[in-house]
S.K.: 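One structure, pasted below without further comment.
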Amino acid sequence: MSKEKKSSTIGTSQFMGQFMKANKDYHFNFEETAASYSVSTGSLILDNFIGGGLGAGLQRFTGCNEGGKTNEALQVMRNMLNSVDKTKGLYIKAEGRLSVEIQKRSGLNFVFHPDDWELGTCLVWECNIYDVVFDGLRSLLKNNPDKERLCIVIDSMDGLLPKSDLEKSTSDAAKVAAGASLTSDFLKRVSLGMSKFGHMCIMVSQVRSTIKTNQYAPSDPNNQTNSSGGNAALHYPDWIINFEKRNQSDLIVQDPKAKPSPENPIIGHYAKVHIQKSTNESTGMRVRYPIKHGRTDGKSIWIEREVIEMLLMWKYIEKAGSWFKIDEDVSSYVSGQGLEIKEKYQGMNSLYDLLEGSPELTKVLGCFIAENVLS
């Protein structure tokens with residue numbers, strides 16, 4: 001009798017184990033995954049809509065000038081450096097815009113030489129060449145023996161220029177869609193590793209005008225934003241947040257019943273964002289949050305106003321005429337922290353003044369909101 005031949009095949013688990021070990025340089029399965037985190041945007045109102053904060057991976061901030069993109073990106077970076085272990089910031093200055101005022105407003109410790117780049121600081125890399133920036137970032141992510149986590153802000157994607165166009169004269173035609181092509185290639189190479197190893201990259205993009213040859217032609221339903229960068233910049237980010245134009249109605253003046261004037265100065269404004277892509281089904285939501293002018297050290301977001309607005313939104317403060325009644329749950333929570341709050345206050349300004357004069361109470365009420373609204 002002839003002997004039966006033994007099967008040369010192996011099970012699927014064993015096969016994949018051998019195959020993945022043989023190709024371990026081309027995947028991350030055997031690499032340790034960084035612990036997840038959630039970084040606050042600095043705004044209680046915005047955090048409420050995005051599930052508490054932003055996590056590792058790619059995020060995209062788009063919109064018009066003076067919409068607040070750069071300030072918000074730096075606010076997220078500051079919060080990440082203060083809340084996530086072993087973190088550094090990297091700001092890619094491609095537009096040439098990082099004024100002393102913006103630096104003071106952000107509250108970040110900026111350094112301009114790699115030798116000074118320590119944990120908790122932000123290195124400013126002044127470069128606007130696509131190829132150099134993207135190759136540098138790819139190499140940086142690979143050469144990270146201490147497993148530091150990076151918060152990278154590219155400001156802006158539109159300020160980057162392909163190396164091939166650097167030597168061209170103004171009259172020479174630049175390659176069509178070169179930026180979109182390079183962006184696509186970069187995101188394909190780094191997006192998986194960015195989230196795997198706990199890095200966050202915020203790509204800032206400018207608004208773009210669309211020129212129609214036919215005014216009656218329908219708009220492309222697949223276009224989520226009016227910003228440049230190609231389709232790759234739409235698909236790879238977890239979040240796309242569009243910062244909208246500031247209007248007269250968004251201004252906060254000293255006397256809200258009167259128009260802005262030298263006697264009635266503008267003391268703040270409302271930043272407006274449109275969530276155009278999300279991970280928690282908040283796509284399409286429009287959010288406003290208050291900004292107070294003249295503040296520094298990362299305190300531009302008017303948290304005192306936000307606390308009052310959030311408590312009103314969730315009925316923890318009841319309005320009756322000109323009086324505002326504090327809910328018993330809030331009073332008990334505050335007294336449990338060794339502070340006091342009255343049962344009623346007359347006029348909204350009295351509530352604002354209360355929190356403006358008590359950072360401790362503002363912090364306690366913020367914790368109450370985090371535990372009872374955002375959790």
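What you are looking at is a predicted structure, and each value in this text was computed from that prediction instead of being measured. Note that the numbering runs from 1 along the sequence shown for the chain. Basis for what follows: all heavy atoms, side chains included, without hydrogens, waters or symmetry-related copies.
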S.K.: Between Thr362 and Leu355 (side chain of the first, backbone of the second, donor and acceptor by atom type, cut-off under 3.5 Å), is there such a pair?
M.R.: yes
S.K.: Do Thr296 and Arg105 touch side chain to side chain, with heavy atoms closer than 4.5 Å?
M.R.: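 Side chain of Thr296 against side chain of Arg105, heavy atoms only: no contact under 4.5 Å found.
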S.K.: Starting from Leu187, can I reach Tyr26 by hopping between I/L/V/M/F/W/Y residues whose side chains sit under 4.5 Å apart?
M.R.: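 Hydrophobic grouping puts Tyr26 apart from Leu187.
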S.K.: Checking Gln59 side chain against Gly55 main chain: does a donor-acceptor pair fall under 3.5 Å?
M.R.: yes
S.K.: I'd like to know if the side chain of Tyr37 reaches the main chain of Ser83, judged simply by a donor and an acceptor atom lying under 3.5 Å from each other, with no hydrogens or angles considered.
M.R.: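 Side chain of Tyr37 to backbone of Ser83: no pair is present.
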S.K.: Got a donor-acceptor contact below 3.5 angstrom from the Asn109 side chain to the Thr121 backbone?
M.R.: no
S.K.: If you take all heavy atoms of Cys64 and Lys69, which pair is closest and at what distance?
M.R.: O-NZ, 2.7 Å
S.K.: For the residue pair Leu141 and Asn144, what are the closest heavy atoms and their distance?
M.R.: O-CB, 4.0 Å
S.K.: Do other residues, nucleotides or ligands put more than 12 heavy atoms under 6.0 Å from the CZ atom of Phe19?
M.R.: no
S.K.: When you compare the side chains of Ser156 and Glu95, does any donor N or O come within less than 3.5 Å of an acceptor on the partner?
M.R.: yes
S.K.: Can Arg305 be said to sit on top of Tyr352's aromatic six-ring, NZ or CZ under 6.0 Å from centre and within 45° of the ring axis?
M.R.: yes
S.K.: Considering all heavy atoms of both residues, which atom of Trp117 and which atom of Gly89 are nearest to each other, and what is their separation?
M.R.: NE1-O, 2.9 Å
S.K.: Taking the side chain as C-beta and beyond, is there a heavy-atom pair between Arg60 and Tyr236 under 4.5 Å?
M.R.: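 No - every pair of side-chain heavy atoms lies 4.5 Å or more apart.
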S.K.: Report yes or no: do Tyr91 and Asp155 form a side-chain donor-acceptor pair below 3.5 Å?
M.R.: yes
S.K.: Does Tyr316 reach the side chain of Asn372, with side-chain heavy atoms less than 4.5 Å apart?
M.R.: yes
S.K.: Cut-off 3.5 Å, no hydrogens considered: what does the side-chain donor-acceptor table look like for residues 39-46, sequence neighbours left out?
M.R.:
from: Ser40; atom 1: OG; to: Gly42; atom 2: N; distance (Å): 2.9
from: Ser40; atom 1: OG; to: Asp47; atom 2: OD2; distance (Å): 2.6
from: Thr41; atom 1: OG1; to: Ser43; atom 2: N; distance (Å): 3.3
from: Thr41; atom 1: OG1; to: Ser43; atom 2: O; distance (Å): 3.4
from: Thr41; atom 1: OG1; to: Asp47; atom 2: OD1; distance (Å): 2.8
from: Ser43; atom 1: OG; to: Ile45; atom 2: N; distance (Å): 3.3
from: Ser43; atom 1: OG; to: Leu46; atom 2: N; distance (Å): 3.0
from: Ser43; atom 1: OG; to: Glu306; atom 2: OE2; distance (Å): 2.4

S.K.: Can you tell me how far CG of Asn29 sits from CD of Glu31, rounded to the nearest 0.5 angstrom?
M.R.: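 One gets 9.5 Å once the value is rounded to the nearest 0.5 Å.
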S.K.: Check Asp185 with Lys188, please: is the shortest side-chain N to carboxylate O separation under 4.0 Å?
M.R.: no
S.K.: Going by the angle between their ring planes, with limits at 30° and 60°, are Tyr130 and Phe134 parallel, tilted or perpendicular?
M.R.: perpendicular
S.K.: Work out which heavy atom in Leu58 is nearest to a heavy atom in Ser191; give both atom names and the distance.
M.R.: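 Closest approach of Leu58 to Ser191, heavy atoms only: CD1-CB, 3.6 Å.
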S.K.: Is the backbone of Asn79 close enough, under 3.5 Å, to the side chain of Asn82 for a donor and an acceptor to pair up by distance?
M.R.: no
S.K.: Taking Lys88 for the side chain and Glu148 for the main chain, is one N or O donor matched with an acceptor at less than 3.5 Å?
M.R.: no
S.K.: Does Lys86 pair with Asp146 as a salt bridge, N-O distance under 4.0 Å?
M.R.: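 Salt bridge: no.
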S.K.: Do Arg78 and Ser106 meet the criterion of a side-chain donor-acceptor pair at a distance under 3.5 Å?
M.R.: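 Their side chains do not contain a donor-acceptor pair, so the 3.5 Å distance test is not met.
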S.K.: Salt bridge check, Arg295 against Glu356: does any charged N sit closer than 4.0 Å to a carboxylate O?
M.R.: yes
S.K.: Can you tell me if Lys277 and Thr283 form a side-chain donor-acceptor pair at under 3.5 Å?
M.R.: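 Thr283 and Lys277 do not have a side-chain donor-acceptor pair below 3.5 Å.
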S.K.: Salt bridge or not for Glu126 and Lys93, using N-O below 4.0 Å?
M.R.: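 Yes, charged N to carboxylate O under 4.0 Å.
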S.K.: Does Gln18 CD have over 12 foreign heavy atoms under 6.0 Å away?
M.R.: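 Yes, the 6.0 Å shell around CD holds more than 12 heavy atoms from other groups.
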S.K.: Determine yes or no for a side-chain-to-main-chain donor-acceptor pair under 3.5 angstrom, with Asp158 supplying the side chain and Gln206 the backbone.
M.R.: yes
S.K.: Would you say Ser282 and Asn280 are linked by a side-chain donor-acceptor pair, where the criterion is simply a distance under 3.5 Å?
M.R.: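 Yes - a donor-acceptor pair under 3.5 Å links their side chains.
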S.K.: Looking only at heavy atoms, what is the nearest atom pair of Val364 and Leu339, with distance?
M.R.: CG2-CD1, 3.7 Å
S.K.: For the residue pair Pro260 and Val253, what are the closest heavy atoms and their distance?
M.R.: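 Smallest heavy-atom distance, with atoms named: CG-CG1, 3.7 Å.
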S.K.: Donor-acceptor pairs under 3.5 Å, side chain of residues 330-337 to any protein atom, not counting sequence neighbours: which ones?
M.R.:
from: Ser331; atom 1: OG; to: Asp327; atom 2: O; distance (Å): 3.3
from: Ser332; atom 1: OG; to: Glu328; atom 2: O; distance (Å): 3.0
from: Tyr333; atom 1: OH; to: Glu371; atom 2: OE1; distance (Å): 3.4
from: Tyr333; atom 1: OH; to: Glu371; atom 2: OE2; distance (Å): 2.9
from: Ser335; atom 1: OG; to: Ser331; atom 2: O; distance (Å): 3.1
from: Ser335; atom 1: OG; to: Ser332; atom 2: O; distance (Å): 2.9

S.K.: Is there side-chain contact between His293 and Ile267, with heavy atoms separated by less than 4.5 Å?
M.R.: no
S.K.: Is Leu251 close to Arg246 at the side-chain level, that is, under 4.5 Å between some pair of heavy atoms?
M.R.: yes
S.K.: Can you find a pair of side-chain heavy atoms, one from Leu160 and one from Ile129, that are under 4.5 Å apart?
M.R.: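 Contact flag for Leu160/Ile129 side chains = no.
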S.K.: Should the pair Lys292-Glu304 be classified as a salt bridge under the 4.0 Å nitrogen-to-oxygen rule?
M.R.: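 Salt bridge: no.
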S.K.: What distance separates Leu108 CG from Asp297 CG, expressed to the nearest 0.5 Å?
M.R.: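 Separation between the atoms: 10.0 Å.
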S.K.: Test side-chain contact (heavy atoms from CB on, under 4.5 Å) on Trp302 and Ile252; report intermediate values, then the result.
M.R.: CA-CA 11 Å; Trp302 206 336; Ile252 301 173; 3.9 Å; yes
S.K.: Could you check whether any side-chain N or O of Lys21 sits under 3.5 Å from a backbone N or O of Asn23, counting only pairs where one atom can act as donor and the other as acceptor?
M.R.: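 No.
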S.K.: Between His199 (side chain only) and Leu150 (backbone N and O only), is there a donor and an acceptor less than 3.5 Å apart?
M.R.: yes
